[in-house]
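Lettering follows sequence order; numbering is per chain, from 1.
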Amino acid sequence: MSIKLTPGLILRKMGRRFMIVRGAEESVDLAEVIVLNETAAFVWKKASEVSEFDENQAVDWLLEEYEVDRETAVADVHETIAQWKEYGIVR
Amino acid sequence: MMDISSADKALLALVRAGLWGQDIEQVFSLDGSEWREVLLSAKNQTVLGLVYKGLEHLPSASTEPSDQEYLKLAVDVEKCEARNRKMARVQNLLFEEFKAAGLHPIQLKGQSVARLYPDPELRQSGDIDVYFSADEFDKAVPEGAQIAADGSAEYMRDDVIVEHHRQLIDIANPSRQELIDRLIDRYGFVDDTTSPELTILLLATHILKHVLGRGVGLRQICDYAVASKVLAYDHGTMVQTFRDLGISRWISVLDSFCARYLGADMKDEEPALADRLLEMVLDSGNFGQASGRGEGAWNTFLSFFSNIGFSLRVAPGEAFWNVVGLAKGRLKKK
């Protein structure tokens, strides 16, 4: 199933952390900040270079960049994308 | 270099890194409250965007702001960018309307300076400043605008403050006004904004006006440092222009400040006065906001006298004419 990043969201490197802020334009009080770990930030950056992607593609990105077995990568990607859907930062 | 707190040293290092994209060599061992102080100062000095960029260049051995502070900073940065996008939209709309009415608006500071920065949307802007020549000024002011003592007009447009100015260069000495008119004719405008020479003059004299008045913030001096580096102009000719306007020592102090504290490639010929300027900057924050003095003619008057020694040394003529201007303002109010 193809996945698209919600337009207008910017991944920010805050010191050694990665964050995405949603909703600050409407109201600072309602702004939400999503904190990403380094591998999730890596997947987000790769995903922002394409118009859409799927979980298999994200697994391949991880396998190319990190020393990790496919099974772990599949589980990590699945969990991360599920969280992103819950937060509404991908469609 | 002046002896300042670790938090202030970190603030200046982050601003330098944010301005020029260079890694920070010094390792900072600040605790949570000191990092809070750095970010609060950055907010008061309206350099949060630069500090955000600078944090990327902290050495790995340094401590960092807490997660809570980072969350707040992320929201503030996002808000700053959104605000700048909105201001750009409002300004474009306004300028289209002015031009449709046959007027020739010139943008001052704000967006025109922001685009000189590597990340224009990270420069915090307060309002939209527009200059109109004397024959167009009255036609451009909308109904209901408030007119200030200096003749400028202020109003809100889509939740953004817009100011119309009659004066381009903030020099109070009346005997220099003819020269200023000649400089405006000589250097002129490029599209809707000031030429590089007028931009440098405008920024330098604007900072001086605030140093002589309510106090100045780091962001305004960063504007000058960035413009001096990015804009192409003949420095030799400008040295004579500064002399003719009676502000050459002030320019030397400003350049020294930029060299010593902002890492700019400029001459450091007035170290002692640059140190004094740093004290004033750290004390007063953004146009007096951080000092708690507040706005108003009386507070400006008090602020002026607390800085009188400095003012008389860097720009005696301007110091005198600012006193006259402030006194006139006070008398008018009574």
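At a 4.5 Å heavy-atom cutoff, the contact between A:R12 and chain B is made by backbone and side-chain atoms alike.
Residue-environment remark: CG (B:D191) stays at or below the threshold of 12 foreign heavy atoms within 6.0 Å. Heavy-atom neighbours of A:E52 CD from other residues, nucleotides or ligands within 6.0 Å: above the threshold of 12. Annotation for A:E38: atom CD does not count as buried by contact number, only 12 or fewer foreign heavy atoms lying within 6.0 Å.
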### Task
Kindly determine whether B:E64 and A:R17 satisfy salt bridge (charged side-chain N to carboxylate O under 4.0 Å, His left out), including the steps that lead there.
CA-CA 10 Å; B:E64 281 189 81; A:R17 298 156 182 77; 3.3 Å; yes

### Task
Take B:E81 and A:I10, measure what side chain to side chain contact (heavy atoms under 4.5 Å, CB included) needs, and give me the verdict at the end.
CA-CA 11 Å; B:E81 290 182 346; A:I10 300 168; 3.6 Å; yes

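Between B:L71 and A:M14 there is no side-chain heavy-atom pair separated by less than 4.5 Å.
Closest approach of A:K13 and B:Y52 over heavy atoms only: O-CE1, 3.6 Å.
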